[in-house]
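The structure appears below as structure tokens.
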Amino acid sequence: MNEYVEVIGVEHLKTVLSALTPEEIVKPAYDNWIVGIKTGHTVLNLENGKIYGLGIELNQLPLADNIYIELYTINSHEEPISEEEFFSKHEYEEFLQFSSDDPCEYIPDVISEFCEMKGIDEYERTIGLLAYNFEKNEQTNYNMWESKVLNKYYDAIYENHNPFEFSQSSL
């Protein structure tokens with residue numbers, strides 16, 4: 001017996017995509033990412049058009065009852081923003097001095113401690129940088145980015161979808 005699921009149409013998908021800001025795309029993935037433990041994903045549910053985050057541990061399978069496509073991913077083993085990128089040139093010089101002041105004292109998150117000391121909102125700055133990088137690297141050409149997402153959409157709803165395969169009737 002075949003199970004049929006109703007999914008959003010292409011025009012609905014395009015409308016959802018065009019309304020998203022880069023921050024709305026990166027934030028759910030970052031909120032569900034845990035370094036070394038969980039890969040964070042921002043996904044679009046194809047049944048209702050909602051955007052949400054998903055944190056998936058290594059060797060864990062995502063929920064099979066949801067039909068979705070990934071819009072953005074931060075792998076568990078990657079550091080999405082380097083220290084040098086996170087700080088301004090001046091802040092980075094101060095940070096290097098701060099982090100080398102007491103080498104025998106182990107501080108699990110020296111960046112967080114430095115941000116707290118300097119009044120830097122670490123979370124907001126990270127989201128801003130991730131959004132900036134996403135926009136610069138992925139959405140520079142919005143049409144290409146949208147096409148990649150549409151191909152994921154077609155792959156998800158048609159098992160044998162090939163966007164470059166034409167039938168005789170379509171020629």
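In this structure a side-chain-to-backbone donor-acceptor pair under 3.5 Å is present from Y142 to S18. Looking at T42, its side chain does come within 3.5 Å of a backbone N or O of A29 through a donor-acceptor pair.
Within 6.0 Å of atom NZ in K136, more than 12 heavy atoms from other residues, nucleotides or ligands are found, so the atom counts as buried in its surroundings.
Considering OH of Y72 and CG of L20, their distance stands at 14.0 Å, rounded to 0.5 Å. How far CD of E24 is from CD1 of I127: 11.5 Å, rounded to the nearest 0.5 Å. Interatomic distance, L96 CG to E93 CD, rounded to the nearest 0.5 Å: 8.0 Å. In this structure, L13 CG and I8 CD1 are separated by 5.0 Å, a value rounded to the nearest 0.5 Å. Rounded to the nearest 0.5 angstrom, K152 NZ and L44 CG are separated by 11.0 Å. Taken from CD in E146 to CG in N141, the straight-line distance is 10.5 Å, to the nearest 0.5 Å.
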Go through it in stages, so that I can follow the logic: the residues are N32 and Y52, the test is side chain to side chain contact (heavy atoms under 4.5 Å, CB included), and I'd like the CA-CA distance, side-chain angles, deciding distance and then a yes or no. CA-CA 10 Å; N32 285 277; Y52 60 95; over 6 Å; no
List the steps, then state whether side chain to side chain contact (heavy atoms under 4.5 Å, CB included) holds for T21 with E135. CA-CA 9 Å; T21 65; E135 190 170 28; over 6 Å; no
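Both V149 and V10 are members of a single hydrophobic cluster when ILVMFWY side chains are connected at heavy-atom separations under 4.5 Å. Put simply, V16 and Y154 are part of the same group of oily side chains (I, L, V, M, F, W, Y) that touch within less than 4.5 Å, one to the next. One hydrophobic cluster holds both V35 and V26 under the rule that ILVMFWY side chains link at heavy-atom gaps under 4.5 Å.
E85 and L129 make their closest contact through O-CD1, 3.8 Å (heavy atoms, listed as atom of the first residue, atom of the second, distance). Taking every heavy atom of both residues into account, P22 and A131 meet most closely at CB-O, 3.6 Å. Across Y68 and I56, no two heavy atoms sit closer than the pair OH-CD1, 4.4 Å.
Residues that satisfy the ring-ring contact (aromatic ring centres under 6.0 Å, His included) test with Y92, not counting sequence neighbours, are absent from this structure. Partners of F114 according to the ring-ring contact (aromatic ring centres under 6.0 Å, His included) rule, which considers only residues two or more places apart in sequence or in another chain, are F87, F95, F98. With sequence neighbours left out, N137 forms a side-chain contact (heavy atoms from CB on, under 4.5 Å) with N133. A search for ring-ring contact (aromatic ring centres under 6.0 Å, His included) contacts involving F86 returns nothing, not counting sequence neighbours.
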Solution key, residues 117-124 side-chain donor-acceptor pairs under 3.5 Å, sequence neighbours excluded:
| residue | atom | partner | partner atom | Å |
| --- | --- | --- | --- | --- |
| K118 | NZ | E94 | OE1 | 2.4 |
| D121 | OD1 | Y123 | N | 3.3 |
| D121 | OD1 | E124 | N | 3.1 |
| E122 | OE1 | S112 | OG | 2.7 |
| E122 | OE2 | S112 | OG | 3.4 |
| Y123 | OH | K27 | NZ | 3.0 |
| Y123 | OH | D31 | OD1 | 2.5 |
| Y123 | OH | D31 | OD2 | 3.2 |

Enumerate, atom names and distances included, each donor-acceptor pair closer than 3.5 Å involving a side-chain atom of residues 73-81, sequence neighbours excluded.
| residue | atom | partner | partner atom | Å |
| --- | --- | --- | --- | --- |
| T73 | OG1 | H41 | ND1 | 3.1 |
| T73 | OG1 | E70 | OE1 | 3.0 |
| E78 | OE2 | N75 | N | 2.7 |

